[in-house]
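The figures that follow rest on heavy atoms only: side chains count, while hydrogens, waters and symmetry mates do not. Protein chains get the first letters and strands the later ones, always in sequence-line order, with residue 1 at the start of each.
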There are 2 protein chains.
Amino acid sequence: MARSYHHGALAEAMVEQALTEVRLHGADHVSLRGIAQTLEVSPSAAYNHFADKDDLLRAVGLCGLAALDERMTRVVAAHPGDTPEAARARFAGLGRAYLAFAIDETHLFQLTFGPLCAVGEMSPDETGPYLKLQAALDDVDRHGLLRPGVREGLDVTVWASTHGMASLMVEGAIPPEAGDVFIDSMSRLMFAEHA
Amino acid sequence: MARSYHHGALAEAMVEQALTEVRLHGADHVSLRGIAQTLEVSPSAAYNHFADKDDLLRAVGLCGLAALDERMTRVVAAHPGDTPEAARARFAGLGRAYLAFAIDETHLFQLTFGPLCAVGEMSPDETGPYLKLQAALDDVDRHGLLRPGVREGLDVTVWASTHGMASLMVEGAIPPEAGDVFIDSMSRLMFAEHA
DNA sequence: CTCCAATGTTGACAGCGTTCATACCATCTG
DNA sequence: CAGATGGTATGAACGCTGTCAACATTGGAG
């Protein structure tokens with residue numbers, strides 16, 4: 001059946017193949033034709049499943065978001081409990097996971113948060129990373145760890161900071177080792193007493 | 001002379017044309033052939049001045065950096081003086097200018113800080129924006145406005161925050177109006193007494 | 001068993017970046 | 001003033017791309 005006229009799961013296969021090629025060479029260097037050839041399928045077969053090339057790449061971008069979300073989920077799971085220490089560990093861990101994702105999966109990160117994917121227009125449940133960050137921030141606040149009067153707008157500020165740090169590291173403007181310095185700096189800014 | 005066989009200043013003309021097309025449609029939607037056609041020049045003429053298309057786009061990206069730098073220079077000039085108030089105004093103004101640039105020149109911002117341009121490998125004097133931010137941070141610190149023990153790593157943190165905010169606004173993930181909230185939030189985090 | 005809708009193919013089109021051989025022409029040399 | 005030089009532009013060509021319309025094949029529902 002593997003050799004039959006119909007592929008059976010072309011859509012998933014194309015996303016997967018595109019995903020690995022994006023990981024290797026970046027979104028700009030993947031071609032629909034190349035993917036089709038690797039899958040031993042005619043180039044135009046893709047158009048039964050995707051509106052165009054960008055549509056396929058958007059699907060890959062969603063995989064990137066999912067991968068980031070998974071990393072963050074793991075971090076949350078690794079630091080359970082309702083103690084202040086756990087809350088702080090979760091928060092810092094989430095930041096580190098975000099940066100680690102950007103470094104490990106540079107190309108995927110660029111696609112996911114690039115112009116093609118328009119993160120801004122995603123459905124809320126696809127924006128897991130932001131929600132997790134919000135939750136961690138709430139926990140940290142609930143334990144009274146934040147400096148007073150600092151909470152307003154902090155969700156956005158923290159997300160922006162982390163995302164900017166990740167972006168600049170990906171572009172080579174800031175060396176990857178600076179990640180810890182950043183987390184520390186951010187902690188000093190936010191927390192009442194620095195650990 | 002305008003009709004002569006030799007153009008005379010093709011390189012500059014191409015960068016300029018590419019710049020306006022990037023501004024309008026984004027770097028992904030400009031073609032070397034299109035630019036050549038607009039300039040009434042053969043497509044291959046470009047290769048006397050640029051190694052390839054990416055090389056031309058990199059030049060455009062530098063224009064973006066210059067434009068940002070110019071905005072920031074204007075801000076510094078608009079708030080002269082060695083008073084604490086002026087220092088704070090300069091600092092906040094620089095942040096706002098960065099965000100405004102990203103919003104006004106979305107496509108240019110994406111190109112300048114995108115994968116193609118590799119901001120990280122630029123010569124130091126091309127990185128004016130970061131230097132200006134550093135200087136403003138020094139001023140603000142010299143006047144004792146910062147919360148104690150917060151200065152270490154703050155250059156990078158502030159740059160990352162602002163850049164991340166700009167990026168997320170550009171991608172549509174955060175609405176442009178949130179800029180002021182961000183500046184306020186950042187101020188609360190950094191400054192000893194909030195204005 | 002037949003027909004349908006989904007899925008894949010074939011072939012073509014226009015456009016792209018890039019290259020190579022060639023033509024042009026301002027300027028410097030004799 | 002003649003001629004060589006070398007930077008600059010041209011033209012045609014190559015291989016590649018995304019995309020489309022017309023056609024072929026198939027599995028499954030009626």
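Distance alone, capped at 3.5 Å, is enough to place a donor-acceptor pair between the A:Lys53 side chain and the A:Val30 backbone.
Near-neighbour residues of DNA chain C inside residues 45-55 of chain B, defined by a heavy atom below 4.0 Å, number-ordered: B:Tyr47, B:Asp52, B:Lys53.
Summarising the geometry, the separation between CZ on A:Arg33 and C1' on C:dT9 is reported as 13 Å, rounded to the nearest angstrom. As rounded to whole Å, 13 Å separates atom C1' of D:dC20 from atom CG of A:Leu32. Atom C1' of nucleotide C:dG17 and atom CE of B:Met14 are separated by 12 Å, given to the nearest angstrom. The interatomic distance linking A:Gln37 (CD) with D:dG15 (P) rounds to 15 Å, in whole Å. A straight line from CG of B:Leu57 to P of C:dG17 spans 9 Å, rounded to a whole angstrom. Rounded to whole angstrom, the span from the CG atom of B:Leu39 across to the C1' atom of D:dT10 amounts to 15 Å. Rounded to whole Å, the distance from NE2 on A:His25 to P on D:dT17 is 13 Å. Computed from coordinates, the B:Asp28 CG to C:dC16 P distance equals 14 Å when rounded to whole Å.
Note: the hydrophobic cluster containing A:Val158 does not contain A:Val181 (ILVMFWY, side chain heavy atoms under 4.5 Å, direct or indirect links).
For A:Pro84 against A:Leu145, the heavy-atom pair with the smallest separation is O-CD1, 3.6 Å. Between B:Ser187 and B:Arg88 the shortest heavy-atom distance is CB-NH2, 4.1 Å.
Of the inter-residue distances, the one linking B:Thr112 atom OG1 with A:Glu171 atom CD reads 11.0 Å to the nearest 0.5 angstrom.
With salt bridges taken as basic N to acidic carboxylate O contacts below 4.0 Å, one links A:Arg151 and A:Asp138.
B:Ser42 has no side-chain polar atom (N or O) that falls below the 4.0 Å cut-off from OP1 or OP2 of D:dA9. OP1 or OP2 of D:dT10 has not a single side-chain nitrogen or oxygen of B:Ser44 nearer than 4.0 Å.
Under the 4.5 Å side-chain criterion, counting only non-hydrogen atoms from C-beta, A:His143 is in contact with A:Asp82.
Residue contacts shown for A:Gly8 are limited to sugar-phosphate atoms, with no base heavy atom under 4.0 Å away.
Nearest nucleotide to the B:Ser31 side chain, out of D:dT19, C:dT18, C:dG17: C:dG17.
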